[in-house]
Amino acid sequence: MVNIEPTKYIWANGKFVDWKDAKIHVLTHCLHYGTGVFEGIRCYETKLGPAIFRLRDHMKRLESSAKILRMEIPYSVKELSEAIKELIRKNELKSCYIRPIAFFGVQGIGINPTGYPVDLFIVSFGFGAYLGEDGLKNGIRCGTSSWHRISPSSLATMGKICGHYVNSVLAHTEAKASGYDEAILLTDQQYVAEGSGENIFIVKNDLIMTPPLSAGILPGITRETVIKLAKDEAYEIVESNISRSELYLADEVFMTGTAAEITPVREIDTRTIGNGKRGPVTKRLQDNFWKIVKGENSNYMDWLDFVEKKK
Ligand code: PMP
């Protein structure tokens with residue numbers, strides 16, 4: 001569990017309401033059937049004030065997830081982006097995690113949400129390292145899950161859709177109960193897919209590999225960021241199916257996600273990965289990532305949306 005401190009306001013269907021007043025009705029369609037779409041976004045502290053990392057790309061993915069669900073979000077990307085910035089200002093946050101969620105609300109009962117109202121809330125709060133500060137530096141311990149990653153033949157894996165996350169919850173809680181920090185889910189074909197809330201990469205003989213989207217993974221924005229940074233550094237990087245034994249024999253393994261950022265993996269199923277420490281490729285990518293999110297790399301300012309109004 002990750003504890004959070006309540007902030008003052010939550011954006012609820014166009015209004016800023018008190019944290020404690022952001023409530024929903026028990027007949028909300030999404031509560032019963034998982035019919036919501038959401039995002040996890042980070043805002044970092046920079047010299048030019050708080051800056052949201054890849055906001056436009058997160059908004060695009062929110063729209064894509066809604067399209068898959070045949071959901072019409074009743075606000076434009078511009079309106080939502082402004083709402084997010086205003087919320088951060090009103091909550092006086094220097095850095096934070098941002099969670100917009102759109103879902104089918106209350107109308108009748110039954111599977112079909114066509115014509116239902118779509119509710120949209122945005123929450124923001126201070127948030128540290130999701131898998132722990134120590135994890136970022138020294139790596140985490142993972143177990144491959146007995147639960148497979150949801151398959152693209154039964155769920156729309158490209159969407160960040162609420163109901164999909166039961167798969168993540170089963171895998172993550174199983175991993176925790178077995179004493180691991182995080183789960184690694186395989187596909188039905190036994191290839192590596194991803195973590196419960198992270199994409200995964202391996203490094204072997206200086207080649208970086210990550211599973212392809214066809215493995216049913218979420219198209220992670222941090223994954224895409226890392227692919228770009230790896231190419232910048234002239235690393236060879238390929239999207240390819242990875243077997244479980246390739247994980248064990250990798251020189252380095254790391255996970256990526258908005259919450260997890262770039263987290264090294266030091267052990268999988270009680271096998272030490274590499275020398276059991278954060279590897280040099282992981283460290284280099286992390287260092288470049290921190291510079292970018294903190295606004296210290298002028299080549300990537302376009303990925304930052306500054307929260308303060310320009311004077
Ligand atoms: N996979 C899953 C299942 C996730 O929930 C997340 C977090 N959104 C990711 C991967 C990583 O995606 P991103 O880098 O866009 O946060």
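Just so you know, residue 1 is the first one in the sequence shown, and it goes up from there. Order of listing sets the numbers, starting from 1, for every ligand and every atom in it.
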K.L.:
Of the backbone atoms (N, CA, C, O) and the side-chain heavy atoms from C-beta on, which set of Pro219 has a member under 4.0 Å from an atom of ligand 1: side chain, backbone, both, or neither?
P.N.:
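Near ligand 1, Pro219 shows nothing, with every heavy atom at 4.0 Å or more.
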K.L.:
Determine whether the side chains of Tyr165 and Lys160 contain a donor N or O and an acceptor N or O closer than 3.5 Å.
P.N.:
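A pair is found: one side chain offers a donor N or O, the other an acceptor, under 3.5 Å apart.
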K.L.:
In terms of ring plane angle, is the pair Phe201 and Phe254 parallel, tilted or perpendicular, where the classes change at 30° and 60°?
P.N.:
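Phe201 vs Phe254 ring planes: parallel.
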K.L.:
Give the single entry among Ala260, Ala171, Gly197 that approaches atom 6 (C) of ligand 1 most closely by any heavy atom.
P.N.:
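Going through Ala260, Ala171, Gly197 one by one, Gly197 has the nearest heavy atom to atom 6 (C) of ligand 1.
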K.L.:
Among Gly220, Ser196, Gly216, which one has a heavy atom closest to atom 12 (O) of ligand 1?
P.N.:
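Among Gly220, Ser196, Gly216, the closest heavy atom to atom 12 (O) of ligand 1 belongs to Gly220.
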K.L.:
Distance alone, cut at 3.5 Å: any donor-acceptor contact between the side chains of Arg99 and Ser124?
P.N.:
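Ser124 and Arg99 do not have a side-chain donor-acceptor pair below 3.5 Å.
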K.L.:
Nearest to atom 16 (O) of ligand 1, what protein heavy atom do you find, and at what distance?
P.N.:
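Here the nearest protein heavy atom works out to Thr258 OG1, 2.7 Å.
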K.L.:
List ligand 1 atoms under 4.0 Å from Arg61, heavy atoms only on the residue side.
P.N.:
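Selected atoms, number and element: 8 (N), 12 (O), 13 (P), 15 (O).
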K.L.:
Closer than 4.0 angstrom, basic N to acidic O: yes or no for Arg141 and Glu267?
P.N.:
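Looking at Glu267 together with Arg141, the answer is yes, because their closest N to O distance falls below 4.0 Å.
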K.L.:
Side chains of Ser196 and Glu182: is there a donor and an acceptor less than 3.5 Å apart?
P.N.:
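A pair is found: one side chain offers a donor N or O, the other an acceptor, under 3.5 Å apart.
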K.L.:
Report yes or no: does a heavy atom of His164 sit under 4.0 Å from some atom of ligand 1?
P.N.:
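Distance cut 4.0 Å: His164 fails for ligand 1.
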K.L.:
Is there a polar contact between ligand 1 and Gly195, counting only N or O atoms under 3.5 Å apart?
P.N.:
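No, since none of the N or O atoms of Gly195 sits under 3.5 Å from an N or O of ligand 1.
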K.L.:
Which is it for Glu198 and ligand 1 at heavy atoms under 4.0 Å: side chain, backbone, both or neither?
P.N.:
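For Glu198, the contact with ligand 1 is made by the backbone alone.
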K.L.:
Ignoring hydrogens and angles, state whether a donor on the side chain of Thr210 or Glu239 is under 3.5 Å from an acceptor on the partner side chain.
P.N.:
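Absent: no donor and acceptor within the cut-off.
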K.L.:
Tell me: protein heavy atom nearest atom 8 (N) of ligand 1, and distance?
P.N.:
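Nearest neighbour among protein heavy atoms for atom 8 (N) of ligand 1, to 0.1 Å: Lys160 NZ, 2.8 Å.
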K.L.:
Closer than 4.0 Å to some heavy atom of Asn199 - which atoms of ligand 1 meet that?
P.N.:
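Those qualifying, in numeric order: 10 (C), 11 (C).
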K.L.:
Under 4.0 Å from a heavy atom of Gly257: which atoms of ligand 1 are those, numbered in the order shown and with their elements?
P.N.:
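Taking each heavy atom of Gly257 in turn, ligand 1 has 11 (C), 14 (O), 16 (O) under 4.0 Å.
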K.L.:
Under a 3.5 Å cutoff, is there a donor and acceptor pairing between the side chains of Arg54 and Thr225?
P.N.:
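Yes, Thr225 and Arg54 have a side-chain donor paired with an acceptor closer than 3.5 Å.
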K.L.:
When you measure from atom 5 (O) of ligand 1 to every protein heavy atom, which one gives the shortest distance, and what is it?
P.N.:
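Nearest neighbour among protein heavy atoms for atom 5 (O) of ligand 1, to 0.1 Å: Tyr165 OH, 2.5 Å.
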K.L.:
Do me a favour and list the nearest non-hydrogen protein atom to atom 14 (O) of ligand 1 with residue, atom name and distance?
P.N.:
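Protein heavy atom at minimum distance: Thr222 OG1, 2.6 Å.
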K.L.:
Could you tell me the residue and atom name of the protein heavy atom closest to atom 1 (N) of ligand 1, and the distance to it rounded to 0.1 Å?
P.N.:
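Its nearest protein heavy-atom neighbour is Glu194 OE1, 2.7 Å.
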K.L.:
Could you tell me if Tyr248 and Asp269 have a donor-acceptor pair between their side chains, going purely by distance under 3.5 Å?
P.N.:
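Asp269 vs Tyr248: donor-acceptor pair found between side chains.
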K.L.:
So is Lys294 actually on top of Tyr44's ring, under 6.0 Å and inside 45° of the axis?
P.N.:
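Judged by the rule (NZ or CZ under 6.0 Å from the ring centre, within 45° of its axis), Lys294 is not positioned above Tyr44.
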